[in-house]
Amino acid sequence: MKTGSPTDLMVPGIRIPRDFYLRDVLDVAPDLIGKNLVLKYKDGSYFRYTLTEVEAYRGTEDKACHASKGKTSRTSVMFGNGGLLYIYLIYGMYWMLNIVTGTNEEPQAALIRGIGGISGPGKLTKILGIDRSFYGEDLVTSERIWLEDTGIKPPYKTGPRIGIDYAGEYWKSVPWRYFL
DNA sequence: TCAGTGATTAGG
DNA sequence: CTAATCACTGAG
């Protein structure tokens, strides 16, 4: 069994059900802080890391959200029900891990920016081995990746989202980044 | 500050 | 087909 950093709760919890993800991303994203991300590998080993940093991307209005350019083959999963993973490659090197939220035709997702002691969305997917093959994976039914609720709700801070200079002043400034 | 790196997208 | 873009990272 692989374990995380000393900051991890490292407490097994209960798999989070569908309803959790079907809410608005502005409710789900802060609720993700303190939840455990669990990965099970083919050799039987586990990762169980606490989510420490998350960003919300919300709807076609949000100029920072990939769905603002409409539904494409890449973003299609965001237009479905919550609980599935939206994965994409950025700068030719880094896979981004996003959790789709909301209900049908409400394109939303939460970007996972930090887990356990690992800070940075590109670094964590590299360490976890998350790639293209996780696109559309369902956190509610998957045998290799899911979220657990330990019942602990740590206090969190908020701030503007990172790396979205192209989105314009307003969308750049909304405090949709949540972190420990 | 800046290069690396390649999928995705819009446009011809 | 071409070219621009990019929810990042690590080196200097």
Side-chain angles (χ1 to χ4, degrees), chain A residues 4-5 7 20-35 37 39 47 49-103 105-139 145-147 156-180:
Chain A
S5 77
T7 60
F20 176 89
Y21 303 104
L22 297 180
R23 298 172 298 147
D24 191 283
V25 70
L26 296 183
D27 295 320
V28 177
D31 278 358
L32 287 171
I33 302 298
K35 298 293 185 291
L37 173 65
L39 277 98
F47 267 110
Y49 279 156
T50 303
L51 299 185
T52 58
E53 186 176 358
V54 169
E55 281 176 356
Y57 290 85
R58 185 176 187 272
T60 52
E61 285 186 354
D62 178 5
K63 289 289 189 290
C65 182
H66 290 166
S68 66
K69 298 190 182 89
K71 193 180 195 172
T72 65
S73 60
R74 180 178 67 152
T75 63
S76 63
V77 72
M78 265 201 290
F79 288 76
N81 280 333
L84 276 63
L85 296 184
Y86 168 45
I87 309 287
Y88 67 92
L89 187 69
I90 188 78
Y91 298 114
M93 286 181 246
Y94 305 105
W95 295 101
M96 298 290 100
L97 169 61
N98 297 256
I99 297 170
V100 175
T101 67
T103 52
E105 299 309 316
E106 285 180 342
Q108 308 180 336
L111 169 67
I112 307 305
R113 295 195 72 91
I115 58 169
I118 308 163
S119 181
K123 283 199 293 189
L124 69 88
T125 53
K126 187 177 180 184
I127 290 169
L128 266 46
I130 288 172
D131 60 17
R132 163 107 261 175
S133 74
F134 282 80
Y135 185 96
E137 192 91 1
D138 190 345
L139 292 175
I145 185 169
W146 63 91
L147 256 48
Y156 60 86
K157 302 170 188 172
T158 65
R161 295 171 294 178
I162 307 290
I164 51 165
D165 287 348
Y166 60 88
E169 284 309 310
Y170 176 74
W171 295 108
K172 224 170 85 175
S173 69
V174 291
W176 288 357
R177 175 170 162 256
Y178 309 87
F179 54 102
L180 280 184

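Chain identifiers are assigned alphabetically (A, B, ...) following the order of the sequence lines, protein sequences preceding nucleic acid strands; residue numbering begins at 1 within each chain. It should be emphasised that the depicted structure is a prediction, and the values quoted were computed from it without experimental measurement.
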Exercise. OP1, OP2 of C/dT5 versus side-chain N and O of A/Arg74: anything below 4.0 Å?
Worked result: no

Exercise. What dot-bracket string describes DNA chain C from 5' to 3', counting Watson-Crick and G-U wobble pairs whose defining distances are under 3.5 Å, with [ ] for crossing pairs and | for pairs to another strand?
Worked result: ||||||.||||.

Exercise. Is A/Glu105 atom CD crowded by more than 12 heavy atoms from other residues, nucleotides or ligands, each under 6.0 Å away?
Worked result: yes

Each nucleotide N or O in nucleotides 10-12 of chain C that has a protein N or O under 3.5 Å away: list the pair and distance.
none

For this session: Would you give the length of the straight line joining atom OG1 of A/Thr52 to atom OH of A/Tyr156, rounded to the nearest 0.5 angstrom?
Result: 15.0 Å

Seminar exercise, completed: The side-chain contact (heavy atoms from CB on, under 4.5 Å) partner of A/Tyr49 among A/Ile112, A/Ile118, A/Leu39 is A/Ile118

Exercise. Among B/dT9, B/dA7, C/dA7, which is the nearest nucleotide to the side chain of A/Ser73?
Worked result: B/dT9

Seminar exercise, completed: Of the candidates C/dT9, C/dA7, B/dA7, the side chain of A/His66 sits closest to C/dA7

For this session: Write down the distance between CD1 (A/Ile90) and C1' (C/dC6), rounded to a whole number of angstrom.
Result: 4 Å

Problem set entry | Nearest-0.5 Å distance that lies between atom CD in A/Gln108 and atom CG in A/Leu22 | 10.5 Å

Seminar exercise, completed: In this structure, CG of A/Leu26 is separated from CH2 of A/Trp176 (nearest 0.5 Å) by 5.0 Å

For this session: Report the distance from atom OH of A/Tyr91 to atom C1' of C/dC8, rounded to the nearest whole Å.
Result: 6 Å

For this session: Using a 4.0 Å heavy-atom cut-off across all strands, classify A/Met96 as base, sugar-phosphate, or nothing.
Result: sugar-phosphate

Problem set entry | Under 3.5 Å: donor-acceptor pair, side chain of A/Glu55, backbone of A/Arg113 | no

Exercise. If only side-chain N and O atoms of A/Arg177 are considered, is one of them under 4.0 Å from the OP1 or OP2 phosphate oxygen of C/dA7?
Worked result: no

Seminar exercise, completed: Between CD1 of A/Ile87 and P of C/dC8 the distance, given in whole Å, is 15 Å

Problem set entry | A/Leu97 CG - C/dC8 C1' separation (whole Å) | 14 Å

Exercise. Please give, in whole Å, the distance from C/dC8 C1' to A/Glu53 CD?
Worked result: 13 Å

Exercise. What is the distance from atom NE2 of A/His66 to atom CE of A/Met78, rounded to the nearest 0.5 Å?
Worked result: 7.0 Å

Exercise. To the nearest 0.5 Å, what is the distance between OH (A/Tyr135) and OH (A/Tyr86)?
Worked result: 7.0 Å

Exercise. Would you say A/Tyr57 stacks on C/dA7, if stacking means ring centres under 5.5 Å apart and planes within less than 30 degrees?
Worked result: yes

Exercise. Heavy atoms under 4.0 Å, any strand shown: does A/Gly92 hit a base, just sugar-phosphate, or nothing?
Worked result: base

Exercise. Starting at OH of A/Tyr88 and ending at P of B/dT9, how long is that distance when rounded to a whole Å?
Worked result: 12 Å

For this session: Please check if the side chain of A/Arg23 supplies one atom and the backbone of A/Gly82 the other of a donor-acceptor pair under 3.5 Å.
Result: no

For this session: Find the distance A/Ile118:CD1 to C/dC8:P and express it as a whole number of Å.
Result: 17 Å

Exercise. Please give, in whole Å, the distance from C/dC8 C1' to A/Ile162 CD1?
Worked result: 11 Å

Exercise. Does OP1 or OP2 of C/dA7 have a side-chain N or O of A/Tyr166 closer than 4.0 Å?
Worked result: yes

For this session: Please test A/Ile130 against A/Leu85 for side-chain contact (heavy atoms from CB on, under 4.5 Å), starting from the C-alpha separation and ending with a verdict.
Result: CA-CA 11 Å; A/Ile130 288 172; A/Leu85 296 184; 5.9 Å; no

Exercise. A/Ile164 side chain: which of C/dA7, B/dT8, C/dC8 is closest?
Worked result: C/dA7

